[in-house]
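A note on names: the letters A, B, ... follow the listed sequences, proteins ahead of strands, and every chain is numbered from 1. Since we're looking at a predicted model, the values are computed, not measured.
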There are 2 protein chains.
Amino acid sequence: MSNGRAPTSHDVARLAGVSQSTVSLVFRGASSGRVGERTRRTVLDAARELGFRPNADARRLRVGGPRMVLIAVPDIVNPFFARVFTGARAVAREAGFQVVLSVQRDLDSVAADVAGQQIDAVLACSLEDGGRPLEDPVPAVVLDAEPPQGQGSVRFDIAPVLTELVGHLHRLGHRRIAHLRSDVRTATFRERTEAVDAACERHGMTRVHASCALDTGSAREAASALLAEHAGPGGRPGFTAVVCDDDVLSVGVYKAAADAGLAVPADLSVTGMDDVDLATAVTPELTTLHLPGEELGATGMRRLIARLERGAERGDGPRARAGQAAGARSGSAETGTECVRLPARLLVRGSTAPPAAGG
Amino acid sequence: MSNGRAPTSHDVARLAGVSQSTVSLVFRGASSGRVGERTRRTVLDAARELGFRPNADARRLRVGGPRMVLIAVPDIVNPFFARVFTGARAVAREAGFQVVLSVQRDLDSVAADVAGQQIDAVLACSLEDGGRPLEDPVPAVVLDAEPPQGQGSVRFDIAPVLTELVGHLHRLGHRRIAHLRSDVRTATFRERTEAVDAACERHGMTRVHASCALDTGSAREAASALLAEHAGPGGRPGFTAVVCDDDVLSVGVYKAAADAGLAVPADLSVTGMDDVDLATAVTPELTTLHLPGEELGATGMRRLIARLERGAERGDGPRARAGQAAGARSGSAETGTECVRLPARLLVRGSTAPPAAGG
DNA sequence: GTGAAAGCGCTAACAG
DNA sequence: CTGTTAGCGCTTTCAC
């Protein structure tokens with residue numbers, strides 16, 4: 001057996017009694033009309049016996065491979081990010097790019113994943129604040145986050161719809177609300193806080209708040225504490241609605257409300273953000289903000305690719321390699337380097353109602 | 001500017017007025033004590049000006065990269081598969097492997113993803129039946145599916161716990177149940193049907209069934225149809241419990257029950273499988289089978305790596321490349337090629353209760 | 001139909 | 001401290 005080294009096409013050639021280039025021809029599939037059937041068999045048998053697999057690195061060094069884009073998300077188990085990834089991946093593949101996934105929370109870790117791989121571009125979603133921009137001159141687009149200098153970004157236009165949400169609660173008659181925030185330190189969540197605060201101010205609504213981790217258990221505890229702390233007259237809570245930074249948190253609030261003997265929405269209105277499966281699974285179904293994750297990913301990837309193509313045309317893009325495989329996208333005038341906002345939508349469902357008369 | 005070709009270390013060397021190997025030294029980080037600070041700066045500046053990035057393919061061809069394992073799942077948005085991926089990925093990285101994700105439903109598509117990449121091993125989860133084994137001699141382990149010839153597999157030991165589940169319903173007093181099946185054609189779901197059938201038989205319970213796609217909407221429709229079709233005396237359904245192949249389906253059944261004016265669990269008991277977030281988010285919380293996804297992925301990956309290391313020792317493993325980076329795993333006697341079963345667990349929660357007296 | 005030879009861009013001795 | 005040199009394994013003309 002081979003002494004530890006992986007078998008090469010040379011080894012196969014020697015065993016088959018042919019030249020190395022013949023082995024190459026056979027494995028390239030270019031054997032028809034060039035290599036005899038007998039020889040082909042011999043080569044294949046020899047290869048099988050040695051467990052030969054062509055070295056992809058060597059092949060790519062020679063011919064150039066498809067271009068690769070790295071997609072980074074902070075947490076692939078979260079269905080929201082999974083959808084962002086799915087949307088971005090679909091666009092990338094359509095355009096002939098290979099996709100590599102990086103599950104990391106900050107830009108520095110993403111940079112580490114980029115190193116050592118032949119990455120042509122990076123799409124990074126919801127990274128934590130801080131972290132220097134990539135030192136490599138790799139084009140990047142960030143999603144749902146503050147764009148680093150000179151890179152494009154795509155995010156949700158969340159302020160208007162959040163204003164609309166607070167207006168919806170105000171119209172129902174709510175005057176004192178609670179805001180259950182995520183303690184994740186990203187730009188989106190800061191924006192959400194600002195927008196809720198501003199809207200409350202405008203409507204002259206009272207607001208209390210708490211922060212917790214992005215899971216149901218933490219939200220349940222935080223909401224219970226909030227309920228206990230701000231107990232109003234007659235055992236009723238000191239607020240009549242809870243605005244949550246995320247659907248997952250809303251589920252925790254449902255639990256906390258049930259623990260306290262409060263009915264949703266009769267005693268307490270609850271709202272979420274994201275519109276994941278959870279939102280329609282619970283009873284009553286959750287009034288929430290629809291944040292189109294797939295579209296976020298797809299839009300970001302389209303801009304990234306547009307920038308890549310533009311760079312390639314100008315001839316100064318990094319590694320314009322062979323095998324273009326231009327996708328079937330009709331050209332749009334995106335430059336890929338600005339900050340775009342995607343519209344969000346308010347979905348009114350069963351979890352919001354006028355506050356109880358006694359509230 | 002460069003005429004389309006990506007700049008190489010040679011280009012940088014020429015511009016900086018140094019030799020190509022100096023450029024290499026600088027970029028390898030081995031410059032300290034070997035390259036003067038002045039030269040270093042010059043090289044870096046030249047590189048920046050040209051937009052130079054070292055060619056990773058060439059580098060890997062020379063020194064060998066970390067080994068790579070491909071993890072395939074049918075759907076990354078499904079939190080269950082996302083957890084499998086997460087568990088497997090953690091083990092792989094711990095052992096110094098790079099991970100590439102492939103989202104594909106059948107083995108043939110996975111094989112296409114393997115081609116052209118330097119993949120050393122494949123971990124494939126819940127693939128659809130059929131499809132030839134990989135033609136490349138790549139070690140593989142399949143998860144939650146029928147193992148192809150000579151490859152290892154890890155799956156849940158679902159029959160006993162399903163028997164326990166049916167027994168639980170029987171003990172509560174249920175005698176006529178419905179089984180809402182997934183129409184996905186994989187081995188697990190066939191096993192689930194067999195196990196439910198067998199258990200019902202043993203207890204002398206009547207069983208009706210329907211199949212639907214793995215989403216809440218389809219389940220809701222299917223359950224409504226089932227309810228209508230098997231209407232019993234006095235407007236009550238012809239069955240008192242619904243066993244679902246997946247938590248997602250259970251949510252659809254909750255909705256259908258509500259549509260029909262039936263209370264869960266008073267009028268209808270419901271059970272799921274998987275134990276995803278959904279299971280505890282709904283009211284009442286769902287009685288379900290806990291299927292440890294992360295553990296499935298982790299166990300599969302451990303076996304795969306064990307097989308790889310064993311092959312490397314024997315010297316006939318495919319491409320035993322440099323840079324071993326052996327992880328901190330204590331040696332276990334796994335051979336990696338058998339079929340293992342992971343225990344599942346019955347979680348009794350609020351969605352199962354004795355049938356209504358009139359039922 | 002098959003073989004010989006020239007690199008792809010980079011790293012790693014070894015000289016200077 | 002820096003330059004010279006010899007490949008890594010594969011693809012691809014170009015001869016035979």
OP1 or OP2 of C:dG9 under 4.0 Å from side-chain N/O of B:R53 = no
Work out how much the helix from C:dG1-D:dC16 to C:dG16-D:dC1 bends between its end axes, five pairs an end, to the nearest 10 degrees.
-> 40°
Go through D:dC10, C:dG9, C:dT11 for me and flag the one nearest to the A:P54 side chain.
-> D:dC10
Distance check: side-chain N/O of B:S24 vs OP1/OP2 of C:dC10, anything under 4.0 Å?
-> no
In terms of heavy-atom contacts, B:P74 and B:R105 come closest through O-NH1, 3.5 Å
Roughly, in whole Å, what's the span from CG in A:D57 to P in C:dG7?
-> 22 Å
Under 3.5 Å, which N/O atoms of the protein pair with N/O atoms of nucleotides 2-6 of chain C?
residue : atom : partner : partner atom : Å
C:dT2   : OP1  : A:T39   : OG1          : 2.6
C:dT2   : OP2  : A:G36   : N            : 2.6
C:dT2   : OP2  : A:T39   : OG1          : 3.3
C:dG3   : OP2  : A:S19   : N            : 2.8
C:dG3   : OP2  : A:S19   : OG           : 3.3
C:dG3   : OP2  : A:T22   : OG1          : 2.7
C:dG3   : N7   : A:S21   : OG           : 3.4
C:dA4   : N6   : A:S21   : OG           : 3.4

Tell me: CD of A:Q117 to P of C:dC10, nearest whole Å?
-> 17 Å
Which whole-number value in Å describes the distance from B:R14 CZ to D:dG3 C1'?
-> 16 Å
Whole angstrom is fine here: how far is it from CG in B:L61 over to P in C:dG7?
-> 17 Å
When you check the gap from the basic side-chain N to the acidic O, do B:R60 and A:D57 get nearer than 4.0 Å?
-> yes
A:L50 atom CG is separated from D:dG9 atom C1', nearest whole Å, by 15 Å
Spacing of B:R38 atom CZ relative to D:dT2 atom C1', expressed in whole Å = 15 Å
With sequence neighbours left out, the residues meeting side-chain contact (heavy atoms from CB on, under 4.5 Å) with B:R93 are A:Q104, A:D113, B:R89, B:V99
A:T86 side chain to A:A82 backbone, donor-acceptor under 3.5 Å = yes
How close do B:V142 and B:P147 get, heavy atom to heavy atom, and via which atoms?
-> CG2-CA, 3.5 Å
Can you tell me the distance, in whole Å, between the CZ atom of B:R59 and the P atom of D:dC8?
-> 17 Å
Report the distance from atom CZ of B:F27 to atom P of C:dA12, rounded to the nearest whole Å.
-> 16 Å
With a 4.0 Å cut-off, would you call B:R67 and B:E309 a salt bridge?
-> yes
Mind checking whether A:L107 and A:E128 have side chains closer than 4.5 Å, heavy atoms only?
-> no
So which heavy atom on B:L296 is nearest to which on B:V84, and how close?
-> CD2-CG2, 4.2 Å
Looking only at heavy atoms, what is the nearest atom pair of A:A140 and A:Q151, with distance?
-> O-OE1, 3.2 Å
